[in-house]
Structure formats: C-alpha cells, structure tokens
Amino acid sequence: MADTTGNTSETGASPAQNSDSTPRKSSWKYIGPGIVVAATGVGAGDLVATLIAGSNFGYTLLWAAVIGCLVKISLAEAAGRWHLSTGRTLFDGWASLGRWTTYFFVVYVVIWGFVYGAAAMSSSALPLQALFPDVMDLKWWGIACGLVGLVFVWFNKYAVFEKVMTVLVGVMFVVTVYLAIRVTPNLGDAFAGLLPVLPDEKDSILNTLGLIGGVGGTITLAAYGYWVNAKGWTNTGWMKVMRLDNRVAYATTGVFVVAMLFVGAELLHAANIAIESGDKGLIQLGDILEDEYGTATAKFFLIGFFATSFTSLIGVWHGVSLMFADFVARYRRRDVAKGEEIASGERERSWPFRAYLLWLTFPPIVLLFQGQPFRLVIIYGVLGAAFLPFLAGTLIWLLNSDRTPREWRNGWLSNGMLVIAGLLFLVLCVKQIWDQPWSEFF
C-alpha cells in the first residue's frame, strides 16, 4: 500500500524516542508482527464465513474479500504508525482523549475476554476431537488447549512466540492453498469475481459488508502496534519496515480468504451444499472433503483447522494481555506509556499481563461445562461490534491532531481509508445490535 501519510520523509522522530531513528531498509528479514496479526486475526469463524459466502454466491463476492484486506491494512498501519511516530502506546493515546476510552476498554476486555476464552478453547478443541475421537471429550480438549496456551505465553517472550506463530501460519498457508488447488478453481470466474457486483438476493448489501468487515478484524488490529514494539521497533526508523510487514500480513490474510472462497465456490456452491455457520461448519467441511477426496485430505485439513484456531488462541492470550498490562501500568503511574517499555519485555513479565492470561484461561472453563450465559453473550456481541468503529474513530482523531508529529499525521489516503473503515464497521455495529434478541434479554 502507498505511503498513507502523504509524505516521503523518514525523519521527524519525537525527542522522547530512541536516538537511533535512522531509516532501516525495508527488508523481508525483519518480517514478524505482520505474520502474528494475520494468524491471530483469521480464526475458524472467519474461514467459515468466507466458505459460506463462496457456497452461497460462488465467486461473486471475491472483490469484497479483497477490499476487506485493504481496509484492515489501513487500520493496522495507522496503529503501527502511532506507536512508531510518537514513541507512545495506543492505550496512552486513547487515555489522552478522555476517561470514556478507559471505561470502554475496561468493560470490553473483561467481558470480551471471558466469553472469547471459552470460544477460543472450543474452536481449538473441535479439530483435535475429530482427529482423535476416542481420546477425550470436547470440553477436556478445550481445557487442554487453554492450559497449553497459558503455559506457552507465560514462559516465553515475544521472540519465541513469533517463531511458533510463523510455523503455524506456514501450516495454515500450505493447507489452504492445497485445498484451493485441489478443488480446481475456475480462474475465469474467479477473475470475474474481482469486479464489484452485488448478488441479486435479499440483504446482499449487508452480506457484502459483513464479508468485507468480518475477516481478520478484531482487537488484534489494535494489538499490532504492541507487537511492533515487542519486536524492538520503537521509532520512525522502522516505519518502512512496519509498512512492508503490514502488507505481508494482509497479503497472507488475502491468500487464506481467497483460498477458502475458492473451496466454497467449487466444492459447496457447485454441489448446492450448505454448511453451518461457526466453527462446526469446518467439521462438516472435513466430512465433505473425506467423501470427495479421501481420508488423508480430510485429516490434512483438520490439522490446518487446528493451526488456524490455536494461532488465534495464543495470539489473543499474548496480544490482549500485553494491552491490558499497558493499561494497568498507564493507569497506576498516570504518566506516558512508552513503546520502549514494551520492547524491553517488561510488560510480558508483569503481574497484570499474567493476571489477564489467567482471566482468559480459567473463568471461561466454567462456560465449557455450563454453556454461555445468554445475557453475557448479547453484551459480548454488542461490545465486539463496537470495538472496530471505536478503533477507527480514535485513530482518525489521534493521527490528525498535534498528538502526532506533523510529518506522520494522516494524508488523504489514510484518512479516506479510515473513514471508510469507520463507516463500514459502524453499519455492521448497528446491524449487530439490531439483530440481538433484546426481547429475551429483559
């Protein structure tokens, strides 16, 4: 993506940053946080949503999936640019906008983390139970996944975390590309799907917006800036590297999305097969693949399904815990929260980081046995829908104000993309709130 600040200068670091802000050459050898954010942002539910889009509309909405990746590039780039240009963390920026951001963040991470913890453990457990059906019940597989994620993140710093995520992304990449080739896509129809055409069906606009906004779009977009700092990138010298890294992130996401849409269009749409929404849809796809291509292909797919789910689990365990630790440090000290503190690894060893890790792991285990509480799930859905409009809106605010050095403020392209993202997510937020069964809530 182009330089979204509208500037070509790589100078202008603030005095608070490291003294060495000499521009680094944009090189593939530095890539890392982008792989992490791509792996964490694309969960099993996102792949199912893309599969269903392919099964319902064929290749018609391929263009929407591509635009979705471009929108996410702009959000993640803006978060990374804030961290590098100011030397401050994103929560520090939010705190400068008023107390309301703190209240929103606290309520969000407490409720969202509780419900998401159970969902992530269940999603990781499903492919393991399908691969080893006689070993354990689904609940115990889920608990095992949560505990493995807890232990892994607790005892390893970012460098090891990134390496493991890269390996798992490699597995995801090989599996999804293999499946896309295996179903023999019609490339002529696929290229035609790059033309922006809406399906001739009821609610086609909302379905299209949902596909654009749904893939790879979670709180992990905000966590990207924290992973950039954890990598050791703390000043404007890393700006070009961060932008390359970010493009790689969403190019990788694009490969996953396009591959699964191919599978949906060729395997499901052509045969008029419907699958469930949510993670169980991938188990159904595994059964369909076994009938069509044999047991080996089905098991290979389930391994990729596990890699997809488990990267989302450990990515959130690490990234959101890092954000929570930064929030606590900023709240307790009442002074500037710097990216250099993230880079030092200090946050990963802190008690708030580990306390939130425990919150993501142990309380949600109750939900695995009792089912998700209805009212809490509704609040979770509303908060989740509201987060991305909140992120887009606050980034526009921060990156057009004097909180950001002038040379790194938004240009017309970045402002345009962030406004589009904000409006898109606001529409989806309103739809999500409207669709909640409020009559049963009270």
Side-chain angles (χ1 to χ4, degrees), residues 32-44 89-91 105 108-110 112-125 127-128 140-172 216 218-233 249 306-329 337 339 341-365 367-368:
I35 297 296
V36 171
V37 78
T40 307
V42 179
T89 66
L90 185 55
F91 185 81
F105 180 76
Y108 178 83
V109 294
V110 170
W112 181 89
F114 181 52
V115 180
Y116 180 83
M121 287 187 270
S122 293
S123 180
S124 298
L128 291 176
W140 296 107
W141 275 119
I143 292 169
C145 289
L147 293 176
V148 169
L150 170 70
V151 171
F152 171 73
V153 174
W154 188 292
F155 290 105
N156 289 294
K157 290 187 181 179
Y158 174 80
V160 176
F161 165 72
E162 182 191 287
K163 286 182 174 63
V164 171
M165 291 288 273
T166 302
V167 171
L168 291 173
V169 166
V171 173
M172 292 167 61
T218 65
I219 193 173
T220 54
L221 287 167
Y224 178 65
Y226 286 85
W227 285 323
V228 163
N229 286 158
K231 179 75 170 175
W233 307 346
F306 172 73
T308 301
S309 298
F310 195 65
T311 50
S312 293
L313 186 152
I314 60 175
V316 166
W317 264 228
H318 186 277
V320 184
S321 297
L322 203 54
M323 293 180 70
F324 183 77
D326 185 56
F327 152 71
V328 173
E341 293 168 339
I342 307 293
S344 71
E346 176 185 329
R347 294 281 188 270
E348 293 168 281
R349 297 189 296 270
S350 67
W351 70 261
F353 180 90
R354 290 176 171 173
Y356 194 74
L357 262 180
L358 296 172
W359 174 253
L360 282 168
T361 308
F362 289 104
I365 288 174
L367 301 184
L368 296 179

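Quick note: residue numbers are just sequence positions, from 1.
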Asker: Do you know the tightest heavy-atom contact between Ala118 and Leu367?
Answerer: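 Closest pair (atom of Ala118, atom of Leu367, distance): CB-CB, 3.8 Å.
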
Asker: Sub-3.5 Å donor-acceptor pair from the side chain of Tyr356 to the main-chain atoms of Val109, do we have one?
Answerer: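 Yes; judged by distance alone, with no hydrogens or angles, the pair exists.
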
Asker: Taking all heavy atoms of Ala343 and all of Gly232, pick out the closest pair and write down the distance.
Answerer: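 Closest heavy-atom pair between Ala343 and Gly232: CB-CA, 4.1 Å.
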
Asker: For the atom pair OG1 (Thr311) and CE (Met165), what is the distance rounded to the nearest 0.5 Å?
Answerer: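 Nearest 0.5 Å value for the OG1-CE distance: 5.0 Å.
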
Asker: Between Trp233 and Pro33, which heavy-atom pair has the shortest distance, and what is it?
Answerer: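 What the structure gives for the nearest pair is CH2-CD, 3.8 Å.
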
Asker: Can you find a heavy atom in the side chain of Leu128 that is under 4.5 Å from one in the side chain of Cys145?
Answerer: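 Side chain of Leu128 against side chain of Cys145, heavy atoms only: contact under 4.5 Å found.
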
Asker: At what distance, to the nearest 0.5 angstrom, does CD1 of Ile219 lie from CH2 of Trp112?
Answerer: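 Going from the CD1 atom of Ile219 to the CH2 atom of Trp112 covers 5.5 Å.
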
Asker: Side chains of Trp140 and Leu368, heavy atoms from C-beta outward: is any pair under 4.5 Å?
Answerer: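 Side chain of Trp140 against side chain of Leu368, heavy atoms only: no contact under 4.5 Å found.
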
Asker: Rounded at 0.5 Å granularity, tell me how far CE in Met121 sits from CD1 in Ile365.
Answerer: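 Between atom CE of Met121 and atom CD1 of Ile365 there are 5.0 Å.
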
Asker: Looking only at heavy atoms, what is the nearest atom pair of Ala39 and Ser312, with distance?
Answerer: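 That would be O-OG, 3.7 Å.
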
Asker: With a 4.5 Å heavy-atom cut-off, do Phe353 and Val328 have their side chains touching?
Answerer: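 They are not in contact (no side-chain heavy atoms under 4.5 Å apart), so the answer is no.
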
Asker: Would you find a donor on one side and an acceptor on the other, under 3.5 Å apart, between the side chain of Thr89 and the backbone of Gly339?
Answerer: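 Looks like no, no N/O pair under 3.5 Å.
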
Asker: Hey, could you give me the NE2/NZ distance between His318 and Lys157, rounded to the nearest 0.5 Å?
Answerer: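 Spacing of NE2 (His318) from NZ (Lys157) equals 10.5 Å.
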
Asker: Backbone N or O of Glu341 within a donor-acceptor pair of the Ser344 side chain at under 3.5 Å?
Answerer: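 Side chain of Ser344 to backbone of Glu341: a pair is present.
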
Asker: Yes or no on side chain to side chain contact (heavy atoms under 4.5 Å, CB included) for Ser321 and Leu360, after CA distance, side-chain angles and deciding distance?
Answerer: CA-CA 9 Å; Ser321 297; Leu360 282 168; 4.0 Å; yes

Asker: Measure up the Phe91 and Phe327 rings against each other and bin them: parallel (under 30°), tilted (30 to 60°), perpendicular (over 60°).
Answerer: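 Perpendicular.
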
Asker: Side-chain contact, heavy-atom cut-off 4.5 Å: Phe306 with Val171?
Answerer: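 A side-chain contact is absent here, since even the closest heavy-atom pair is not under 4.5 Å.
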
Asker: Counting N and O atoms only, with roles assigned by atom type, does the side chain of Ser123 sit under 3.5 Å from a partner on the main chain of Ala120, one being a donor and the other an acceptor?
Answerer: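 No, Ser123 side chain to Ala120 backbone: no donor-acceptor pair under 3.5 Å.
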
Asker: Identify the heavy atoms of Gly315 and Thr40 that sit nearest to each other, and give their distance.
Answerer: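 Scanning both residues, the minimum pair turns out to be CA-OG1, 3.3 Å.
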
Asker: Could you state the interatomic distance from CG (Leu150) to CZ (Phe155), rounded to the nearest 0.5 Å?
Answerer: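 Rounded to the nearest 0.5 Å, the CG-CZ separation comes to 8.0 Å.
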
Asker: Would a distance-only check, ignoring hydrogens and angles, find a side-chain to backbone donor-acceptor pair under 3.5 Å from Trp154 to Arg354?
Answerer: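 Pair absent, no side-chain N/O of Trp154 close to backbone of Arg354.
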
Asker: For residues Met323 and Ala222, report the shortest heavy-atom separation together with the two atoms involved.
Answerer: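 Reported closest heavy-atom pair: CE-CB, 3.8 Å.
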
Asker: Just by modelled atom types, is the Leu358 backbone N or O under 3.5 Å from a matching donor or acceptor in the Thr361 side chain?
Answerer: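 No; judged by distance alone, with no hydrogens or angles, the pair does not exist.
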
Asker: May I ask you to test the Tyr224-Leu221 pair for a side-chain heavy-atom distance under 4.5 Å?
Answerer: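 Sidechains of Leu221 and Tyr224: no contact.
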
Asker: Can you tell me if Glu348 uses its side chain to pair, donor with acceptor, with the backbone of Tyr158 under 3.5 Å?
Answerer: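 Checked: pair present.
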
Asker: Are Val164 and Leu168 close enough that some pair of their side-chain heavy atoms sits under 4.5 Å apart?
Answerer: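 In short, these two side chains touch, coming nearer than 4.5 Å.
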
Asker: With rounding to the nearest 0.5 angstrom, report the CZ to OH distance, Phe324 to Tyr226.
Answerer: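 Phe324 atom CZ to Tyr226 atom OH measures 12.0 Å (nearest 0.5 Å).
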
Asker: Under 3.5 Å, is there a donor-acceptor pair between the Trp227 and Thr220 side chains?
Answerer: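 Per modelled atom types, Trp227 and Thr220 side chains form no pair under 3.5 Å.
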
